[in-house]
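Per chain, numbering begins at 1; letters A, B, ... match sequence-line order. The model shown is predicted, which means the values in this text are computed figures rather than measured ones. What you see below is based on every heavy atom in this structure, not just the backbone, and it leaves out hydrogens, waters and symmetry mates.
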Amino acid sequence: MADLADQHENFKSSNAELITVSTDTKFVHLAWQREEKSLENVKFTMASDPTGEVSRLFGVYDESTGLDLRGTFIINPEGNLVASEVLFYNVGRNSEELLRRLKANVYLSGHSDQACPARWTEGAKTLTPSAKLVGKVYEAT
Amino acid sequence: MEHACCGLKVGQSVSDFKMETFEPAKGDFGEISLEALKKAGKWTILFFYPADFTFV
């Protein structure tokens, strides 16, 4: 959570709304954010899904525990799901990778003929898939 | 776990949803909906985690 808070401004500057979700109520979110020292810089929205309805929609609700798995999803402004990742309870995530994925999708939304290759970061070369590129990716990257 | 259903796949359209929120920036409660976020032209990142008061 603190890792996300560190990157929050970067998400905002890409016109993204960062929303964390668990099955806790909004009252518990408030109590946790005020009590836990590592959350003092959190400014993003903390959403509550006590019935698991939204969590089920994204396939992250664990019926046997009533808790959510560590799912991360990016939805574009048209309402389409463009990135999806789910980790089990015991592995944390990396906000830099999430930001990289967001930036790649934002870039491609304005350059739909292109593609972002492996380890692409903002400003790096992209690929334009075509007949000419077949068998020549090694020259293009 | 075996019965997890309804998992959206990338490329699919996401149906509208609403949730109650706590907004630390305002110190107040609120509500979000996908519809409102789409109207505002925003990219939406949903970051699910197991429970408050644990590591996230």
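- A:Arg93 meets the side chain to side chain donor-acceptor pair (under 3.5 Å) test with A:Thr72; sequence neighbours excluded.
- Counting heavy atoms from C-beta on, the side chains of A:Ser48 and B:Met19 never come closer than 4.5 Å.
- With a 4.5 Å cut-off on non-hydrogen atoms, A:Asn41 does not touch chain B at all.
- Residues B:Asp52 and A:His29 are in side-chain contact: their nearest non-hydrogen atoms beyond the backbone lie under 4.5 Å apart.
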Handout entry: Residues A:Ile19, B:Ile45; criterion side chain to side chain contact (heavy atoms under 4.5 Å, CB included); working and verdict
Key = CA-CA 6 Å; A:Ile19 300 162; B:Ile45 298 173; over 6 Å; no
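- Using a 4.5 Å cut-off between heavy atoms, A:Val106 touches chain B through backbone and side chain atoms alike.
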Practice task
Test side chain to side chain contact (heavy atoms under 4.5 Å, CB included) on A:Leu57 and B:Ser15 and set out the steps.
Solution key: CA-CA 9 Å; A:Leu57 179 65; B:Ser15 54; 3.8 Å; yes
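- Residue contact with chain A, scored on non-hydrogen atoms closer than 4.5 Å, involves the backbone of B:Lys9 exclusively.
- No side-chain N or O of B:Thr44 forms a donor-acceptor pair with one of A:Glu17 less than 3.5 Å apart.
- Ring geometry for B:Phe17 against A:Phe58 counts as perpendicular: the plane angle is over 60°, on a 0 to 90° scale with 30° as the lower cut.
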Problem - Intermediate values then yes/no, side chain to side chain contact (heavy atoms under 4.5 Å, CB included), B:Glu23 and A:Phe44 - result: CA-CA 7 Å; B:Glu23 307 284 349; A:Phe44 46 75; over 6 Å; no
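- Annotation: side chain of B:Phe48 is in contact with side chain of A:Ser55 (closest heavy-atom distance under 4.5 Å).
- Using a 4.5 Å cut-off between heavy atoms, B:Leu46 contacts chain A through both its backbone and its side chain.
- Inspection of non-hydrogen atoms places B:Phe29, B:Ile32, B:Leu34 of residues 28-36 of chain B under 4.5 Å from chain A.
- Within residues 77-85 of chain A, the residues having any heavy atom closer than 4.5 Å to a heavy atom of chain B are A:Pro77, A:Glu78, A:Gly79, A:Asn80, A:Leu81, A:Val82, A:Ala83, A:Ser84, listed by residue number.
- Comparing A:Ile75, A:Thr51, A:Thr25, A:Leu67 by how many heavy-atom pairs each has under 4.5 Å with chain B, the most go to A:Ile75.
- The six-membered or imidazole ring of B:Phe47 lies away from that of A:Phe73, with a centre-to-centre distance of 6.0 Å or more.
- Applying the salt bridge (charged side-chain N to carboxylate O under 4.0 Å, His left out) rule to B:Glu20 yields the partners A:Lys26; only residues at least two apart in sequence or on another chain are considered.
- Ranking A:Thr45, A:Leu39, A:Ile74 against chain B, the residue ahead of the rest is A:Thr45, based on heavy-atom pairs under 4.5 Å.
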